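What follows is a set of notes on a single structure, which appears directly below.
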Amino acid sequence: MTLSRLDDYFPKNNELVKTKLGEGSGEQLLEEPRKEEASEDQALRNLPPSYFVSATYDGDVNLACIKLYNPDSKQIYRWYDNTGHKPYCLTNLTPEEIKKIPRVADHPGFEDVEVVEKYDALQDRTIKVTKIIARDPLSIGGRPRGCIRDIIPEDYPKIFGSEKDPKVWEAAIKYYQCYIYDRKLLPGMPYRVRDGDLIPVIDKEAEENIKRILETSFKDEPKDLLPYLESWIRLLEYPAADMKRVALDIEVYSPIATRVPDAEEAPYQVICASLVDSEGKKRVLLLRREDKRGESEEVDSPSDVDVIFFDDEKALISEIFRALDKYPFVITFNGDDFDLKYLYHRAQKIGFRRKEIPIDPGRRVYLLRNSIHIDLYKFFYNRSIQVYAFAQKYRNVTLDEVASAILGKSKIEISKPISELSYSELAKYCLNDAEITLELTSYDDDLVMKLLLVLTRISKMPMEDVSRQGVSRWIRSFMQYEHRRKNMLIPNQEDIISVKGKTTTKAIIKGKKYKGAIVVHPVPGVHFNVAVMDFQSLYPSIIKVHNLGYQSVRCPHEECKGNIVPGTNHWICIKQRALESALIGSLRDLRVYWYKPRSKDKSLPEAKRNWYNVIQRALKVILNASYGVFGAETFDLYCPPVAEATAAIGREVITKTIRKAEELGIQVLYGDTDSIFLKNPSSEQIKTLSEWAEKTLGMELDVDKLYRYAVLSSRKKNYLGVFEDGSVDVKGLTGKKRHIPRFIKRYFDELEKRLAKVESPAEFEEAKEDIKKIVQECYYKLKRREWEDINDLAFEVVLGKSPETYTKTTPQHVKAARLLEKRGVEIKAGDLIRFVKVIKDPYVKPVELASDDEIDADKYIAYLQSTFDQILDALGLDFEKIIGLTRLEQFM
DNA sequence: GCGGACTGCTTACCT
DNA sequence: ACAGGTAAGCAGTCCGCG
């Protein structure tokens with residue numbers, strides 16, 4: 001495709017004319033011109049500035065392929081490698097040895113060997129390794145049998161004996177990632193194509209801005225971090241694209257009401273599809289069906305919706321495919337596992353040729369040939385996204401729950417099976433799904449799309465992968481990128497373990513690998529004027545300040561062995577900064593010194609502030625995981641001593657800080673990992689402590705929260721704080737946990753509200769009386785069995801795994817789940833089980849099967865007591881006594 | 001055969 | 001497929017008990 005033909009790709013060609021109800025069909029649409037094949041795409045000679053959004057390997061032409069999104073034409077263009085880059089892996093065998101292994105030398109994919117130098121960070125020296133170049137990536141690795149990376153360790157001993165331990169490096173990196181790394185490409189950033197070459201676009205304004213930021217806000221940084229800071233800032237300050245997109249949702253026929261047809265078999269017709277785009281265009285495609293013959297085709301829909309009937313399923317699917325080709329970004333909710341999967345297999349089944357289907361099937365993903373498919377289910381499923389980007393607003397990852405939590409909108413409830421809906425009901429239902437799917441990407445000024453773009457840039461991964469993979473893959477990717485950039489050998493996991501060993505400290509929790517953070521025993525009671533101070537990103541700070549990384553922990557130098565991490569026998573390198581320390585440290589400083597403050601800076605224009613907020617949140621997600629990955633076996637640069645050293649230094653930091661605070665005469669009420677609760681400190685004391693931390697620990701200790709007063713129970717990770725403005729901060733208390741019955745939770749909320757009103761110690765006495773009344777009332781209601789709705793008594797517990805896999809014990813929610821199964825309800829891992837406690841064996845029942853008179857009220861009273869005790873003991877109140885009064889009152 | 005002390009399993013939470 | 005630490009409830013087991 002060339003620039004001169006850009007115009008041909010604008011929608012006007014493919015635009016559908018709204019078909020009048022009851023007439024015409026989609027048939028003739030099949031005859032319309034299709035987008036041309038990949039071979040013509042290769043002619044891409046020139047392209048104005050466009051965003052690098054994805055990279056793949058195209059097996060048909062054996063080349064790396066970059067997908068570029070042009071924000072003016074709003075189209076995706078494919079650019080193919082023209083540099084002759086080839087797939088490869090590295091080995092410690094010599095070229096001569098390689099040539100003597102017939103299965104490698106005669107491998108159809110084998111191309112060449114050459115000797116290259118790499119820096120081996122584990123040994124701190126440059127080594128010579130052999131680069132095995134292949135004709136295609138699958139010959140290196142990826143096929144189940146006969147890959148070069150597997151043959152080498154298999155055949156070497158047979159031919160050469162055990163003279164050396166045969167090693168293969170960098171053979172498990174996806175080829176397109178390898179291409180990105182080697183060519184130092186920056187996904188998410190603007191590029192142009194000129195005379196067939198891919199060239200980065202320099203944005204003068206952004207470049208000047210970068211310089212300014214570095215000069216003004218980072219002048220005190222360690223010098224060796226400056227280049228890292230500069231590259232991160234560039235990635236984050238360059239402008240973002242507006243991404244035109246369409247949300248797709250399909251409905252399929254099913255003869256069995258409760259069963260969704262298997263997407264691989266795709267046995268039944270696609271009966272409806274909705275396409276809702278970011279420019280306000282909405283279409284519903286409906287299949288005219290035999291089983292609906294004679295029914296009204298009147299679809300009552302808003303005027304901005306085009307409803308189109310098709311007589312033929314093939315024509316309907318063709319129209320969907322046309323849209324999939326036309327839009328640069330396609331959004332689904334669970335498209336990998338259903339919508340696109342079904343369409344792909346259904347299309348094959350009803351006679352489409354492979355070339356006519358714009359979908360690239362994978363094992364677990366279904367990508368699009370000419371666009372970017374974002375499956376929001378995968379994105380919202382991501383734990384880090386769930387917890388840090390969306391503050392745990394949603395629990396179950398269903399379209400309905402995510403949309404209601406984030407947008408306040410839900411799916412349309414339908415009372416009959418999909419196949420029995422009228423055309424109008426079906427259209428509405430399907431359209432609504434597509435609308436909320438799109439809105440999940442557009443709310444809050446396109447937050448999700450921007451997050452994806454920012455994460456794409458940081459991680460150096462294609463946008464499709466970023467949206468599907470977890471935070472540890474993002475971190476791995478930018479670390480691998482940095483290895484290649486510095487010509488460092490990327491070590492195998494076992495290389496790191498064999499040099500660095502495992503951990504030496506003993507975890508408190510059985511089964512854990514090493515000791516973690518310190519939690520200080522709280523001083524129970526009510527404390528007025530509490531300041532909570534914490535270290536900003538403690539673990540990333542430690543990684544930065546103490547130079548932690550796989551190469552620096554237990555480094556090979558004698559002169560470093562005295563630099564011991566307290567509480568461990570690990571030492572840290574004093575000669576050279578580890579890559580991870582530089583990467584994580586610079587990201588940390590960027591968030592703390594630049595993006596977080598700017599995201600709150602009211603003097604900035606809103607759009608700018610908003611963008612900074614997106615960045616700040618993306619950085620938070622990555623930083624929060626940056627220590628944990630070193631202790632995760634699933635991480636390629638897994639290095640337990642690094643994780644262990646980080647935690648050990650953390651303990652040292654918090655312990656010293658507590659000691660210092662006490663020296664300054666401040667009472668420390670509580671502390672957890674990186675925070676300390678100080679009783680009524682003067683601003684002088686706070687300032688002194690903060691300056692001390694900066695000076696002696698090299699870390700920022702700031703006031704995070706100020707409580708008018710805090711109620712500490714005797715339990716760790718359990719407290720309540722009331723801010724100056726009267727808002728309440730509840731942590732860990734049972735009364736706030738999501739699984740407890742609403743009935744109890746309501747009374748707990750009452751208590752919370754009452755506590756919020758207390759302004760001074762003097763006001764506490766009155767509050768205590770009111771709190772007694774609240775507890776009494778709840779007790780009364782239970783004792784007298786005066787609940788309104790049995791649903792309010794339900795415990796709601798998530799099933800961690802499928803019911804039959806509980807073999808060691810049978811927890812109550814599993815008992816309830818099994819009762820449901822007996823009734824024919826399908827139960828799977830992740831389902832929320834709602835049950836009540838009843839008098840008769842097995843003492844629990846799913847709430848939908850239980851009646852009021854079998855409820856065991858005393859069990860609820862016991863639960864009420866333990867829930868309220870957490871607060872009552874801190875207030876000097878006693879549940880039994882409160883209830884005792886009630887009992888007396890009952891007689892009076 | 002029963003009941004209390006104990007351990008282990010499970011979930012939800014904190015940092 | 002980021003980590004460890006804490007709380008709580010219940011299931012299951014052990015052990016004493018003439």
Side-chain angles (χ1 to χ4, degrees), chain A residues 381-385 387-388 392 395 468-476 503 505-522 532 534-540 543 584 621-640 642-648 650-651 654 670-677 704 713-719 729-740 795-801 805-815 817 830 832-833 835 837 842-844 859 862-863 865-867 869-870:
Chain A
Y381 186 82
N382 183 317
R383 272 298 288 174
S384 304
I385 292 296
V387 175
Y388 299 114
Q392 308 220 52
R395 272 157 80 58
R468 286 169 175 78
Q469 300 186 342
V471 62
S472 74
R473 295 298 185 87
W474 307 340
I475 293 173
R476 176 181 80 177
T503 52
T505 56
K506 195 173 174 317
I508 289 170
I509 307 169
K510 211 184 262 181
K512 299 289 185 187
K513 292 178 284 240
Y514 58 91
K515 196 193 267 300
I518 285 179
V519 187
V520 181
H521 264 114
V532 181
D534 73 353
F535 289 96
Q536 297 230 46
S537 313
L538 177 69
Y539 288 165
I543 290 170
I584 296 167
V621 171
I622 288 179
L623 289 170
N624 268 312
S626 64
Y627 135 82
V629 292
F630 292 113
E633 279 171 78
T634 47
F635 183 58
D636 280 37
L637 299 175
Y638 173 56
C639 186
V642 169
E644 185 176 38
T646 311
R651 292 193 297 275
I654 197 78
Y670 176 61
D672 186 348
T673 312
D674 59 357
S675 67
I676 48 170
F677 287 49
D704 177 37
S713 81
S714 56
R715 301 153 187 84
K716 295 171 174 180
K717 297 184 194 276
N718 267 269
Y719 63 87
D729 201 17
V730 181
K731 298 289 176 184
L733 301 176
T734 307
K736 273 286 160 184
K737 294 198 175 178
R738 284 187 243 224
H739 73 280
I740 73 161
F795 287 83
E796 302 187 330
V797 178
V798 173
L799 206 53
K801 44 189 189 175
T805 55
Y806 290 84
T807 49
K808 286 160 184 152
T809 57
T810 313
Q812 294 201 320
H813 66 295
V814 179
K815 287 196 171 109
L832 186 74
I833 308 297
F835 66 92
K837 307 207 177 205
Y843 310 111
V844 288
K859 278 270 167 31
Y863 205 87
Q865 172 164 12
S866 70
T867 302
D869 267 348
Q870 293 177 340

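All of these numbers come straight from a predicted model, not from anything done at the bench. First the proteins, then the strands, lettered A, B, ... as listed; each starts at 1.
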Touch check for A:S626, heavy atoms < 4.0 angstrom, all strands: base, sugar-phosphate only, or nothing?
nothing
Contact check, side chains of A:K731 and A:N718, non-hydrogen atoms, under 4.5 Å:
no
Please verify the inter-ring angle class for A:F795 with A:F835; under 30° counts as parallel, over 60° as perpendicular, anything in between as tilted.
parallel
Using a heavy-atom cut-off of under 4.0 Å over every strand shown, decide if A:F635 touches base, sugar-phosphate, or nothing.
nothing
Reading DNA chain B in the 5' to 3' direction, which nucleotide is the first one with an atom under 4.0 Å from a heavy atom of chain A, and which is the last?
B:dG8 to B:dT15
Which part of the nucleic acid does A:K506 contact within heavy-atom distance under 4.0 Å: base, sugar-phosphate only, or nothing?
nothing
Sugar-phosphate only, base, or nothing, as touched by A:Y514 at under 4.0 Å among non-hydrogen atoms:
sugar-phosphate
Contact class for A:R738 vs. all strands (heavy atom < 4.0 Å): base, sugar-phosphate, or nothing?
sugar-phosphate
For a quick test of reading the model, state the closest non-hydrogen atom pair linking A:Y670 to A:K716 and the distance between them.
OH-C, 3.9 Å
Sugar-phosphate only, base, or nothing, as touched by A:G516 at under 4.0 Å among non-hydrogen atoms
sugar-phosphate
Which part of the nucleic acid, if any, lies within reach of A:Q870 when heavy atoms closer than 4.0 Å are counted: base, sugar-phosphate only, or nothing?
sugar-phosphate
Side-chain heavy-atom pair A:E796, A:R738 within 4.5 angstrom cut-off
no
Ranking A:K736 and A:K510 by the position along DNA chain B of their nearest nucleotide, the one closer to 5' is A:K510
Can a side-chain donor-acceptor contact be found between A:E644 and A:T505 if the only test is distance below 3.5 angstrom?
yes
Contact class for A:K808 vs. all strands (heavy atom < 4.0 Å): base, sugar-phosphate, or nothing?
sugar-phosphate
Does A:D534 reach a base, just sugar-phosphate, or nothing at all? Heavy atoms under 4.0 Å.
nothing
Can you tell me how far the CD atom of A:Q812 sits from the OG1 atom of A:T810, to the nearest 0.5 Å?
11.0 Å
So A:A632, base contact, sugar-phosphate only, or nothing? Heavy-atom distance under 4.0 Å.
sugar-phosphate
Just verifying a value: how many Å separate A:D729 CG and A:Y719 OH, rounded to the nearest 0.5 Å?
6.0 Å
Which is true for A:V798 with a 4.0 Å heavy-atom rule: it touches a base, it touches only sugar-phosphate, or it touches nothing?
sugar-phosphate
Once you apply a heavy-atom cut-off of 4.0 Å, does A:Y539 come out as touching a base, just sugar-phosphate, or nothing?
nothing
Its 5'-most and 3'-most nucleotides having an atom under 4.0 Å from a non-hydrogen atom of chain A, DNA chain C is contacted over C:dA1 to C:dG12
What is the nucleic acid contact for A:I508, judged by heavy atoms within less than 4.0 Å: base, sugar-phosphate only, or nothing?
sugar-phosphate
A:R651 side chain to A:G516 backbone, donor-acceptor under 3.5 Å
yes
Is A:Y670 touching bases, backbone alone, or none of the nucleic acid, heavy atoms closer than 4.0 Å?
nothing
Quick check: A:F630 with A:Y638 (ring centres under 6.0 Å apart)?
no
Of A:A517 and A:K801, the one whose nearest nucleotide on DNA chain B sits closer to the 5' end is A:K801
Looking at CD1 of A:I654 and CG of A:L538, how far apart are the two atoms once the value is rounded to the nearest 0.5 Å?
7.0 Å
